[in-house]
Trainee: 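Structure below; questions to follow.
Below, chains carry the letters A, B, ... as their sequence lines are ordered, and counting in each starts from 1. Since the structure is predicted, the reported quantities are computational estimates derived from the model, not experimental observations.
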Number of protein chains: 2
Amino acid sequence: MKRKITLKQIAKELDVSVSTVSKALKDSAEISVDTKEKIKAFAKLYNYKPNNIALSLKNRKTKTIGIIIPEIVHHFFTTVIRGIEHVANEKGYNVIICLSNNSFDKEVLNLEFLANGSTDGFIMSVAKETQQKEDYHHIKEVISQGMPVVMFDRVIDEVICDKVVISDKHGAFEAVQYLIDLQCKKIALISTVDYVSVGKLRTAGYKEALTTNDLEVNEDLILKIEDVDHSQEKIEEFLKGKDIDAVFAVNEQFAVNAIKALTKLGKKVPNDVSVIGFTDGVVSKSFIPSLSTVNQHGEDMGAKAAHLLIERLESETEEQIFQTTVLDTSLIIRDSVKK
Amino acid sequence: MKRKITLKQIAKELDVSVSTVSKALKDSAEISVDTKEKIKAFAKLYNYKPNNIALSLKNRKTKTIGIIIPEIVHHFFTTVIRGIEHVANEKGYNVIICLSNNSFDKEVLNLEFLANGSTDGFIMSVAKETQQKEDYHHIKEVISQGMPVVMFDRVIDEVICDKVVISDKHGAFEAVQYLIDLQCKKIALISTVDYVSVGKLRTAGYKEALTTNDLEVNEDLILKIEDVDHSQEKIEEFLKGKDIDAVFAVNEQFAVNAIKALTKLGKKVPNDVSVIGFTDGVVSKSFIPSLSTVNQHGEDMGAKAAHLLIERLESETEEQIFQTTVLDTSLIIRDSVKK
DNA sequence: TTGTAGGCGTTATCAT
DNA sequence: ATGATAACGCCTACAA
């Protein structure tokens, strides 16, 4: 088995110096055509590839971007990753992904691991547990050490860095407005607990839409779910006996759960109750009835985040002004709402 | 902004040598308690962390495992990753994920990138395009350079390495046998094109179940889908006017598409037609009717793959015997089949 | 107890 | 046209 070959080995075999080999392979004008040919042929034969680690050490940069996300199940994150990769590859960067599994400790470990030389910068969406603990020292730490960080989706106000978010509040507003325009008057909200930033914002959008239209916010029609694993039961219990004509759910899962619960309770979607969810995923299209959702344009988000990060990585000056980019959502109307 | 601090800087600040610092931070007995204290305190203050890149270069190992998978949308891959991470972290390894997006070129790039020093070994499931081209030089290359590779799910016979697969054929067999036991006689198969190894195997299992039960294999009842993006139309067209009492689909997507098509055609699932899919994903549970599937135990698969890889990484001898581990599947019966 | 030197693989600078 | 040397950050055998 031929181990990976190094410049040194090539040099020895060909009885030249290491620097000659290095230059030859870079097609330097300093080296004679003869030797260049010889060296290149040999290198090709042994499939020489420069060692990234050595290059990284020498250049003090890795040309790779680290992505840290809570979980990968979500179709949304997949699209964001695609957007990041697209831009990154175009600019000659590689991308490596680490999952926090929504665990604070895991997030800290991942960040430390990647920050110690493995990446030039980060694009991240923080773990639920981290938002709950409100402990962001690990992120601030890497930033203070000069690693650029771009946050997306679940962002933290108190961490100073570039951010890309969608207009959660406005997206929710539009969805609820749509329901109101359909003459719905008793619109339930199924949200997450408030420490999840997006849940909070979407709830705010819901409330604003109601008040803007002179509808009362009825806390009895608002459900906040802590434990996603048992959302189905919670939602069934919540909807039982409620007199409603629409449901707005802050994610795909809850929307599906709501429809199932409503069906169980003998209500027809969309005839009796219209339902709109948030985040367009795989389930939305497949589900019967297909789900109306607020679409988040994940790919644009990823692309924007990558641009912001790379710009910072490659700018000479240490710009201290950070920006938050707000991307619009769009409403996708499918079968789960009345026509 | 305090840049990341190095041993050298600490040494200079404290007016000692670099090796003294290095030893002190490792709590070496060679260094006096006084200096150790002093150095440790200073290091802590400046949050010193050894540079991974330098360590990797020195040790010629990175303690990280590279995962290369076609796409991340599949719930199945998510579970595999979880299994890998669990074992890897336990053994002190980190995990980085790269996506091939089912593209051959991307797979080659990812492999080259990670093979040049970034990882100690790979766990991978090959891209669809790669299986189609039957070009595996890139994988053979890294293996010949001494990087252990473990393949899972979509494995390649002609590449010699450890493999972890599920008993695709047997899983399919069991599913179809189940349908036969329900007295189904006209069972359609919706599969992928044959170059996708798992599609081929599952098709074989389907056929074997039929022949074992003295049922004829009717090629008219077999659909092979090339273009996943238009599977819905294909399936509708295929099922139109077909006299069948069951459908076995080789993935979740096709199963869902089939149910939708059947519903459109006025057939009831499961009363008129029973449906079983392969791979238990997010959609299966949510769908109405909930999907019966062949469950793949992705987490076990990932764990096994990680064990195999780490064993090879840490064994002194260069074992030349490779093993293929076959994991059992299990049938999950939900509402999409008759009781 | 502390320091020096060499090396991991590469490249840039400065000889020869 | 080619080679020697130093440096990136770390560790360790050996020297002082």
Trainee: Of all the heavy-atom pairs spanning N116(B) and K4(A), show the shortest one and how long it is.
Mentor: OD1-CE, 3.2 Å
Trainee: How many whole angstroms separate atom NZ of K4(A) from atom P of dC8(C)?
Mentor: 17 Å
Trainee: Using a 4.0 Å heavy-atom cut-off across all strands, classify K58(B) as base, sugar-phosphate, or nothing.
Mentor: base
Trainee: Is it true that, when you exclude K61(B) itself, more than 12 heavy atoms of the residues, nucleotides or ligands shown sit nearer than 6.0 Å to its NZ?
Mentor: no
Trainee: For a quick check of understanding: with a heavy-atom distance under 4.0 Å over all strands, which category does T35(B) fall into, base, sugar-phosphate or nothing?
Mentor: sugar-phosphate
Trainee: Counting only non-hydrogen atoms, which of residues 21-30 of chain B are less than 4.0 Å from DNA chain D?
Mentor: S22(B), K23(B), K26(B)
Trainee: What's the CG-P distance between D15(A) and dG3(D), to the nearest Å?
Mentor: 8 Å
Trainee: V18(B) near the nucleic acid: base, sugar-phosphate alone, or nothing, with a heavy-atom cut-off under 4.0 Å?
Mentor: nothing
Trainee: Return yes when atom NZ of K91(A) has more than 12 non-hydrogen atoms of other residues, nucleotides or ligands closer than 6.0 Å, and no otherwise.
Mentor: no
Trainee: Would you say a side-chain N or O of S17(A) is under 4.0 Å from OP1 or OP2 of dG3(D)?
Mentor: yes
Trainee: In terms of heavy-atom contacts, does CD of Q132(A) have more than 12 from other residues, nucleotides or ligands at under 6.0 Å?
Mentor: yes
Trainee: Which residue, A54(B) or S19(B), contacts DNA chain D at a nucleotide closer to its 5' end, judged by nearest heavy atom?
Mentor: A54(B)
Trainee: What pair of heavy atoms forms the shortest contact from Q131(B) to S197(B), and how long is it?
Mentor: NE2-OG, 3.0 Å
Trainee: Would you mind classifying the nucleic acid contact of L55(B) as base, sugar-phosphate or nothing, using non-hydrogen atoms under 4.0 angstrom?
Mentor: sugar-phosphate
Trainee: Pick base, sugar-phosphate or nothing for L7(A), based on heavy-atom distances below 4.0 Å to the nucleic acid.
Mentor: base
Trainee: For K8(B) and dG9(D), what is the distance between atoms NZ and C1' respectively, to the nearest whole Å?
Mentor: 8 Å
Trainee: Base, sugar-phosphate, or nothing for S32(A), non-hydrogen atoms under 4.0 angstrom?
Mentor: sugar-phosphate
Trainee: Would you call K36(B)-D27(B) a salt bridge at under 4.0 Å N-O?
Mentor: yes
Trainee: Expressed in angstrom and rounded to an integer, what is the separation of L57(B) atom CG from dT11(C) atom P?
Mentor: 13 Å
Trainee: In whole Å, I'd like the distance from the NZ atom of K38(B) to the C1' atom of dT1(C).
Mentor: 12 Å
Trainee: What is the distance from NZ of K49(B) to C1' of dC10(D), rounded to the nearest Å?
Mentor: 17 Å
Trainee: Rounding to an integer number of Å, can you tell me how far I53(B) CD1 sits from dT11(C) C1'?
Mentor: 16 Å
Trainee: Roughly, in whole Å, what's the span from CZ in R60(B) to P in dC11(D)?
Mentor: 16 Å
Trainee: Report the C-alpha distance between V150(A) and V164(A) in whole Å, list the side-chain angles of each, state the deciding distance to 0.1 Å, and finish with yes or no for side-chain contact (heavy atoms from CB on, under 4.5 Å).
Mentor: CA-CA 7 Å; V150(A) 177; V164(A) 186; 4.2 Å; yes
